[in-house]
Amino acid sequence: VTKTKLPDRATDEGVEVRVLMAEISTPSFASWTLDKAREAMQLMDAVLWNRFRDPKPFGAAGAMTLADVVKAPGQFQGFESYPSYAASVVNRIQNVLDIANNDSDKRQANFKAHVQAALERANAAEISDPSAGTLVGWRTSGTGSPSAKMTFYKTVLGNDFYYW
Amino acid sequence: VLYQGAVRDAKFVLLQSSFEAMNRAPGGLVRAALKTIFLMVMWGHMGSHGQPTPQLFVPSSDPAFADFREPLVTYLRAKGPRNLNTVCLIGERYPDGSAWVWAIWDEGQRMVLWEGAEATMTGSRRDLDLRRDVVANEAAVGGSTYRVSRAYVTQLRSQCAKTGTTVQLRRGDVMGGQTK
């Protein structure tokens with residue numbers, strides 16, 4: 001099976017695929033399905049690019065790249081020093097890739113599909129925002145709202161998504 | 001200005017007061033029953049923004065989370081265990097069937113999400129440093145995808161102390177893979 005590799009971390013696609021893999025539950029999560037993972041990736045993609053279009057409220061005024069958005073202080077865990085990112089995130093992503101590329105691992109098919117879905121979403125030319133406004137945030141379910149200005153949209157795979 | 005988080009904070013104060021009243025009720029069984037019913041009702045109404053809210057469970061009551069010791073020991077070993085490590089674990093189950101456990105490590109000042117038997121704690125999608133990632137209130141979360149309010153952490157700690165599972169592991173237990 002062809003080995004899966006991530007795009008260069010300096011590219012927008014490289015940034016996005018790493019955020020998606022860090023933030024979305026993997027196939028190890030009992031509630032994971034490929035459809036749910038794809039939907040969560042679609043919504044996170046919308047959040048990231050909506051923030052890029054209007055970066056100032058999210059600590060990223062003047063952002064020229066997606067990296068400028070994800071390294072805004074306190075916004076995306078482990079990405080503040082991007083292109084360096086937290087060891088815990090590196091390990092999480094590497095663990096997913098290792099399983100996806102291990103032909104003798106029974107979990108390979110789901111993990112490979114998971115990574116492939118992240119790559120496809122990161123490479124998609126257009127964003128798809130199905131909310132009633134502009135998706136601008138997400139939170140681990142149960143941990144509260146990201147801002148009083150944001151409205152809850154829906155929960156997908158353990159993340160609550162918000163728009164304004 | 002009454003920010004939306006204040007509603008949640010006020011509910012927590014109410015929750016605390018009610019618990020104190022129940023603690024004064026006579027009879028251990030009656031107290032336990034009152035607390036269980038109250039928790040189920042209150043927790044289901046804690047959300048102030050329309051988000052689904054969890055039902056709490058004890059990790060040992062769910063086969064997917066009962067064997068938490070090995071991933072916990074691996075996590076503590078990776079983070080650097082203290083001489084004594086006190087960890088409280090509490091499960092959250094959501095209406096869509098999703099479930100996970102939060103492990104709150106007192107001495108290490110960390111709070112890590114564990115997504116069950118097939119997952120690890122070291123590779124968690126949410127591993128919070130309680131000294132850096134906790135802000136004064138919900139208004140100060142400021143759009144963050146991961147920072148949490150002090151009230152949220154206090155609330156979870158309180159619920160965990162009352163209905164979760166607390167384990168204590170010494171450094172030697174962690175490094176040797178044995179639990180107390």
Side-chain angles (χ1 to χ4, degrees), chain A residues 19 21-32 36 44 47-48 51 57-60 70 72-79 86-89 91-96 107 136-162 164, chain B residues 1-6 8-9 43 46-54 62 64-65 78-79 92 94-100 102 111-113 115-120 122-129 132-133 135 137-149 151-153 155-156:
Chain A
V19 171
M21 290 175 66
E23 290 286 322
I24 293 176
S25 296
T26 71
S28 294
F29 185 40
S31 294
W32 181 93
K36 286 181 185 174
M44 284 190 185
V47 168
L48 291 168
R51 285 188 177 207
F58 308 103
V70 304
Q75 295 298 307
F76 299 92
Q77 190 173 24
F79 284 88
S88 56
V89 178
N91 291 339
R92 175 175 169 82
I93 292 172
Q94 191 58 53
N95 183 51
V96 172
R107 301 168 294 176
V136 285
W138 73 75
R139 305 274 300 163
T140 302
S141 292
T143 61
S145 170
S147 165
K149 297 173 184 170
M150 298 183 197
T151 302
F152 171 69
Y153 171 54
K154 72 184 297 189
T155 300
V156 183
L157 214 52
N159 278 306
D160 295 341
F161 290 87
Y162 292 82
W164 64 15
Chain B
V1 177
L2 181 69
Y3 69 96
Q4 285 177 297
R8 188 184 177 96
D9 295 346
W43 197 259
M46 288 296 283
S48 56
H49 308 275
Q51 313 95 315
T53 50
D62 185 324
F65 299 97
K79 294 294 179 185
E92 293 182 342
Y94 287 82
D96 68 353
S98 296
W100 53 67
W102 281 107
M111 194 172 116
V112 60
L113 186 80
E115 294 188 310
E118 299 297 318
T120 64
T122 48
S124 173
R125 68 183 168 96
R126 197 57 78 227
D127 182 4
L128 300 173
D129 181 334
R132 289 187 323 194
D133 301 332
V135 294
N137 50 49
E138 211 165 273
V141 170
S144 174
T145 56
Y146 68 94
R147 285 180 171 168
V148 292
S149 71
Y152 167 76
V153 176
Q155 174 184 305
L156 196 67

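So that the names make sense, note that chain A is the first sequence line, chain B the second, and so on, each numbered from 1.
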Chain A contact via B/Y146 - which portion, at a heavy-atom distance below 4.5 Å: both
query: What class does the angle between the rings of A/F152 and A/Y162 fall in, given that below 30° is parallel, 30 to 60° is tilted and above 60° is perpendicular?
result: perpendicular
Among the listed options B/A119, B/S98, B/G97, the residue most often paired with chain A at heavy-atom distances under 4.5 Å: B/S98
Residue part contacting chain B, namely of A/T140, when any heavy atom lies under 4.5 Å: both
message: If we define contacts as heavy-atom pairs under 4.5 Å, which of B/G142, B/P95, B/G116 has the most with chain A?
response: B/G142
- prompt: Between B/W100 and B/Y94, is the gap from one ring center to the other below 6.0 Å?
  reply: yes
field: Lys/Arg-Asp/Glu bridge criterion (N-O < 4.0 Å) met for B/D127, B/K79
entry: yes
- prompt: Between CZ of A/F161 and OG1 of A/T151, what distance do you get to the nearest 0.5 Å?
  reply: 15.5 Å
message: Counting only non-hydrogen atoms closer than 4.5 Å, does B/A99 touch chain A with its backbone (N, CA, C, O), its side chain (CB onward), both, or neither?
response: backbone
- prompt: Rounded to the nearest 0.5 Å, how far does OG1 of B/T145 lie from CZ of B/R126?
  reply: 5.0 Å
- request: Give, as side chain, backbone, both or neither, the part of A/I93 having an atom under 4.5 angstrom from any heavy atom of chain B.
  value: neither
- line: Closest non-hydrogen atoms of A/V89 and A/A22, given as atom of the first, atom of the second and distance, are CG1-CB, 3.7 Å
- prompt: Under a 4.0 Å N-O cut-off, is there an ion pair linking B/E118 with A/R107?
  reply: no
- request: Would you mind checking which part of B/S124 comes under 4.5 Å of any heavy atom in chain A, side chain (CB onward), backbone (N, CA, C, O), both or neither?
  value: backbone
message: Which atoms of A/S31 are under 4.5 Å from chain B, going by heavy atoms: the side chain, the backbone, both sets, or neither?
response: side chain
task: Examine whether an atom of A/D160 lies under 4.5 Å from a heavy atom of chain B, and if so say whether it belongs to the side chain, the backbone or both; otherwise answer neither.
output: side chain
task: Tell me, for B/L128 versus chain A, whether the close heavy atoms (under 4.5 Å) come from the side chain, the backbone, both or neither.
output: both
Reported CZ-to-CZ distance for the pair A/R139 and B/R147, which is rounded to 0.5 angstrom: 10.5 Å
- line: Honestly, the part of B/A64 sitting under 4.5 Å from a heavy atom of chain A is neither
